[in-house]
Amino acid sequence: QKEVEQNSGPLSVPEGAIASLNCTYSDRGSQSFFWYRQYSGKSPELIMSIYSNGDKEDGRFTAQLNKASQYVSLLIRDSQPSDSATYLCAVDTGRRALTFGSGTRLQVQP
Amino acid sequence: KAGVTQTPRYLIKTRGQQVTLSCSPISGHRSVSWYQQTPGQGLQFLFEYFSETQRNKGNFPGRFSGRQFSNSRSEMNVSTLELGDSALYLCASSSDYAQETQYFGPGTRLLVL
């Protein structure tokens, strides 16, 4: 079983819709959770961080964490074509060693 | 603040050679982590340095090594290059506070022929 699992996609949504990206993790000791966005040929760029159960909102982005279910999600409201990228879920057990999922490719159709 | 910088951005080497990659963290950040990204394996943790000491190491062979200098700049070295070492090598820096975010540099793309 992979430590961090994501659906590879592609997830295709129309412009203006809500995109929902999901991630599960296996290590119950995980303390910090991150969503990074990576455009083709570029390095990962931080979108959201979340550390405690519940929702965290930042602009069009909402991260949700459920430690009991070992589940993290990212909602993107009013999706734009510029949001088309690969979204990487990453978890950290506190050792500064991020474990990444394989990423979900999001396509926003104009 | 300037972001994480990495040099060189691109490298072509042949099998058996060695390579050294450099990373300068965000000013004030003392933790530097290195990652390898390949299409097949995704993003994988190599090692993390803080105050010139390696604190954590991923599951990579001993051909992969690194060091950190007193100014927090870090280098990683890969000896006896193999074709499978072709990858994007990413450096990330963070402060040492708990739950701190890692910020990635642009990466060094290494091609081994």
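Not measured: the values here are computed from a predicted model. Chain letters run A, B, ... following the sequence lines, proteins first, then strands; residues in each count from 1.
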Asker: Salt bridge (charged side-chain N to carboxylate O under 4.0 Å, His left out) for B:Arg30 and B:Glu52? Distances and angles first, verdict last.
Answerer: CA-CA 9 Å; B:Arg30 297 167 65 194; B:Glu52 303 177 66; over 6 Å; no
Asker: Please look at A:Gln38 and chain B and tell me whether the side chain, the backbone, both or neither of the residue comes under 4.5 angstrom of a heavy atom of that chain.
Answerer: side chain
Asker: Sort B:Glu48 into side chain, backbone, both or neither according to what part of it lies under 4.5 angstrom from a heavy atom of chain A.
Answerer: side chain
Asker: Does a salt bridge link B:Glu82 with B:Lys13, judged by any charged N lying under 4.0 Å from a carboxylate O?
Answerer: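 No, B:Glu82 and B:Lys13 are not salt-bridged.
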Asker: So for B:Tyr35, is it side chain, backbone, both, or neither that comes closer than 4.5 Å to the heavy atoms of chain A?
Answerer: side chain
Asker: Please name the residue in the list A:Phe100, A:Tyr71, A:Trp35, A:Tyr87 that meets the side chain to side chain contact (heavy atoms under 4.5 Å, CB included) test with A:Cys23.
Answerer: A:Trp35
Asker: Select, from A:Leu88, A:Thr99, A:Leu46, the one with the greatest count of heavy-atom pairs under 4.5 Å involving chain B.
Answerer: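 The candidate making the most pairs under 4.5 Å is A:Leu46.
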Asker: Would you verify whether the NZ or CZ of B:Arg55 falls within 45 degrees of the ring axis of B:Phe50 while also being under 6.0 Å from that six-membered ring's centre?
Answerer: yes
Asker: Please flag which part of B:Gln44 lies under 4.5 Å from any non-hydrogen atom of chain A: side chain, backbone, both or neither.
Answerer: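 No part of B:Gln44 comes within 4.5 Å of chain A.
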Asker: Would B:Phe45 and B:Phe60 count as a close aromatic pair, with their ring centres under 6.0 Å?
Answerer: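 No - the distance between ring centres of B:Phe45 and B:Phe60 does not fall below the 6.0 Å cut-off.
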Asker: Which bit of A:Leu98 comes within less than 4.5 Å of chain B, counting heavy atoms only: side chain, backbone, both or neither?
Answerer: both
Asker: What part of B:Leu43 is in contact with chain A, defined as an atom under 4.5 angstrom from a non-hydrogen atom: side chain, backbone, both or neither?
Answerer: both
Asker: Would you say that A:Leu11 contacts A:Arg105 through its side chain, given a criterion of any heavy-atom pair below 4.5 Å between the two side chains?
Answerer: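 With C-beta onward as the side chain, the pair stays apart.
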